[in-house]
S.K.: 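Sharing a structure below in structure tokens format, with a few things to ask.
Keep in mind that this is a model prediction, so the values were computed, not measured. Just the heavy atoms: all of them, side chains too, but no hydrogens, waters or symmetry mates, feed the values below. Within every chain, numbering begins at 1; the chains are lettered A, B, ... in the order of the sequence lines, protein sequences first and strands thereafter.
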There are 4 protein chains.
Amino acid sequence: MPSPSGPDPTRRSERSRRAILTAAVELLGETGYNELTIEAIAARAGVGKQTIYRWWSGKGAVILDALSDAALAVDASMPDTGDIRTDLYAIIRPTVAELADPRLSATSRALSIETLSDEALAEQVRDRLLRPQLDAVKDRLRAAQLADQVRADVDLDQAVELLFGPMYYRWMFRTGPLSQEYADDVVDLALAAFGIARA
Amino acid sequence: MPSPSGPDPTRRSERSRRAILTAAVELLGETGYNELTIEAIAARAGVGKQTIYRWWSGKGAVILDALSDAALAVDASMPDTGDIRTDLYAIIRPTVAELADPRLSATSRALSIETLSDEALAEQVRDRLLRPQLDAVKDRLRAAQLADQVRADVDLDQAVELLFGPMYYRWMFRTGPLSQEYADDVVDLALAAFGIARA
Amino acid sequence: MPSPSGPDPTRRSERSRRAILTAAVELLGETGYNELTIEAIAARAGVGKQTIYRWWSGKGAVILDALSDAALAVDASMPDTGDIRTDLYAIIRPTVAELADPRLSATSRALSIETLSDEALAEQVRDRLLRPQLDAVKDRLRAAQLADQVRADVDLDQAVELLFGPMYYRWMFRTGPLSQEYADDVVDLALAAFGIARA
Amino acid sequence: MPSPSGPDPTRRSERSRRAILTAAVELLGETGYNELTIEAIAARAGVGKQTIYRWWSGKGAVILDALSDAALAVDASMPDTGDIRTDLYAIIRPTVAELADPRLSATSRALSIETLSDEALAEQVRDRLLRPQLDAVKDRLRAAQLADQVRADVDLDQAVELLFGPMYYRWMFRTGPLSQEYADDVVDLALAAFGIARA
DNA sequence: AGGTAATCGAGACGGTACGTCCGGTCTTAGA
DNA sequence: TCTAAGACCGGACGTACCGTCTCGATTACCT
């Protein structure tokens, strides 16, 4: 039985793969999403266009892979100091800081655009990029729930979205500054919703 | 001071303007954002491309105008039954419903993409489309604050983003269903954050 | 019986007419045929486009009028010194000189292009610009025929074309220099054909 | 020395090249020069516009190539029966016939227009299309000169233009019919100029 | 002298083609 | 077989002009 068989991954050039992902991220930072084209990526990476199309479905998939690689590099786990507020500060602050930086958030912006255009990609983004972080926060909140720091009737899926949603909203629609104070305020507000009075 | 001049708005064809905005919205609903091209809009509207470029900077601006027109048509004010929870349900439920409908949310999707690609447009979207609604909700919350239904120390800008943020996050990243129950839960969670116990 | 009546020529602005013809000739000299557009003529002349279309059928007609004006200014008659060779030199030399000058011949070039594209215009060009000169030369040749300086069996229509044809051919196809010597040689060759031995 | 490079001719699609040249000639015959557009050629040939622009500078260059191809196919040589008049009849008659046919002369008309608009193209037309024929006639005249059928002092470059010039003049300016009699008369007149009495 | 009809400058309009850019596929040569 | 390179077909881009049309504002005639 001959397999339907796309390209053979064992023969894939790791060198090209890295060059493509690097080129994509660089171009995003340097010139922005509208100038990010497959041709530009291929040229910058010193790679044929076909090599991109052979392994990715489009530029959204390339960016997703680039960020997946980066995400794997950092620790996806949550700290647990015992104090849920402290731990949430620790996770939200750097996220806000990244979104506040136009250069660093260029990839997020690009991926959001692709996500809004492509349903299949959206699911990949959710499962491969967002889920790990959301689950880590959820786990931490569950622990807090067991420690009676979070009301028992709080739906934890909604809880994590209550933390990340306002932040992304403000980022997307530029309704206000993405400062550290803002990050802390969001955490405080969310914790109030979870039944924790401010310290 | 030499005026920048540009085309003379008094000679603008209202007929063409309406045809273009209508065509843009129709096409978005029928074929989606990636297939929405200036050429298609012009063809559908029975208009020369130049007539679009003369008055708008690109398709983002066209969509923005189309939605601004539509937004002006509907009442941007909030209900005020005296009960803040009831009133928030009334505003959040239809918003969630609209986002849940692929056809109705096509324009939101398109505008979000443009917003993420174009800083100048983002500000227009914020000021002309979002602000009126956000301000209306904010006003309603301020009244609730005066009626001691919302804690006095709650920052109202953050408050409205706490309501809308999670909803848009779930819409963009498809992290869960956009049901009426969800809409109500978001309101309940936010009200808890604002210091209102569940009924 | 109401006349079909186009525009009323008595109300025509002579000022605009001259400005248009002048602008057309200037533009031809400065930028060449490909840049000669109705819009450019109108802008240069400080005239509305409609004023051009009201009085001319297109740019070919404008150029034709411009040259007709110029042609009327110069004397269309032939000299008659009694010596046909001398007289032909006198008529051919300046014609060659004009064709040799890129600036002066820009209008001829433009008109030739229009002539090749538009049959109706071609007839106008022939009758209003060429015919007078051709007829003048023909008349002079007829006189020479009577004076036995030209063979009686020479068809005079062919004779004049034998004089002008080679010149225009060389001008169009750049097969050789358009010098005064060349002009004289053409005359000599033609006269040989007409039965006149070189002096 | 950095090579100017441009596209690699070894990878050029012969299929597309032929389709483009064929389409151009067909369209010229069917619709005329003003309706001959790059877009129409591309559409008819089933080719992307870029494929035309990659290899040609514009429609003039395409037509030139199309005719060069056709010219190579026919024999560019002159007959030599020993009698120069007979041989010139043989070459001039079909040329006049072609110019007299609106369909067949469409390409000549188009090329003449381009020649008048574009100096660089004019030289190509002269060297690649006209020269071979002019040279062939010139060679034949030279042989006639050696055989004392043409006066020794006749400049052969001028001689060939004396043959072709009047014909093109009459074609361009429509000063008379392009019949076979006319063709013969031109030859007879030219031969008289060359010192050959009519038979 | 005032009314009125046509021309005028200006430029927006519906269109068509331009020449460029890029998407995604296919072909070639080399490793 | 995969790769770099890049030609290919297709199609949208944003621009330039086309020829028509709609505006006041002159302008010249005609009561």
S.K.: What are the 5'-most and 3'-most nucleotides of DNA chain F lying under 4.0 Å from any heavy atom of chain A?
M.R.: F:dT1 to F:dA7

S.K.: In whole Å, what is the span from the CD atom of D:Glu14 to the C1' atom of E:dC26?
M.R.: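 Taking atom C1' of E:dC26 as the reference, CD of D:Glu14 is at 18 Å.
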
S.K.: Taking only residues two or more places apart in sequence, or in another chain, which ones meet C:Glu35 in a salt bridge (charged side-chain N to carboxylate O under 4.0 Å, His left out)?
M.R.: none

S.K.: With sequence neighbours excluded, tell me which residues meet side chain to side chain contact (heavy atoms under 4.5 Å, CB included) with B:Ser68.
M.R.: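 With sequence neighbours excluded, B:Ser68 shows a side chain to side chain contact (heavy atoms under 4.5 Å, CB included) to B:Leu64, B:Arg128, B:Leu129, given in chain and number order.
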
S.K.: If a pair satisfies salt bridge (Lys or Arg N to Asp or Glu O under 4.0 Å) and one of its residues is in residues 107-122 of chain D, list it, with sequence neighbours excluded.
M.R.: C:Arg174-D:Glu119

S.K.: Short of 4.0 Å, heavy atom to strand atom, which residues of residues 18-33 of chain D count as contacting DNA chain F?
M.R.: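 Residues of residues 18-33 of chain D that come under 4.0 Å of DNA chain F do not exist, since none gets that close.
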
S.K.: Dump every N/O contact between nucleotides 29-31 of chain E and the protein below 3.5 Å, one line per pair.
M.R.:
none

S.K.: Which residues pass the side-chain hydrogen bond (donor to acceptor under 3.5 Å, both in side chains) test with A:Gln50, not counting sequence neighbours?
M.R.: none

S.K.: How would you list all residue pairs meeting salt bridge (Lys or Arg N to Asp or Glu O under 4.0 Å) that involve residues 42-63 of chain B, not counting sequence neighbours?
M.R.: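 Sorted result for residues 42-63 of chain B: B:Glu26-B:Arg44, B:Glu30-B:Arg44, B:Glu39-B:Lys49.
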
S.K.: Under the side-chain hydrogen bond (donor to acceptor under 3.5 Å, both in side chains) test, which residues partner A:Asp8, sequence neighbours left out?
M.R.: A:Thr10

S.K.: Could you work out, with side-chain hydrogen bond (donor to acceptor under 3.5 Å, both in side chains) as the rule, every residue matching D:Thr37, not counting sequence neighbours?
M.R.: none

S.K.: How would you list, by chain and number, every residue that makes a side-chain hydrogen bond (donor to acceptor under 3.5 Å, both in side chains) with C:Ser108, sequence neighbours excluded?
M.R.: none

S.K.: Please list, pair by pair, any protein nitrogen or oxygen found under 3.5 Å from a nitrogen or oxygen in nucleotides 17-20 of chain E.
M.R.:
unit_1: E:dC18; atom_1: OP1; unit_2: D:Ile38; atom_2: N; d: 2.9
unit_1: E:dC18; atom_1: OP2; unit_2: D:Ile38; atom_2: N; d: 3.2
unit_1: E:dC18; atom_1: OP2; unit_2: D:Glu39; atom_2: N; d: 2.9
unit_1: E:dG19; atom_1: OP2; unit_2: D:Tyr53; atom_2: OH; d: 2.4
unit_1: E:dG19; atom_1: O5'; unit_2: D:Tyr53; atom_2: OH; d: 3.4
unit_1: E:dG19; atom_1: N7; unit_2: D:Lys49; atom_2: NZ; d: 2.9
unit_1: E:dG19; atom_1: O6; unit_2: D:Lys49; atom_2: NZ; d: 2.6

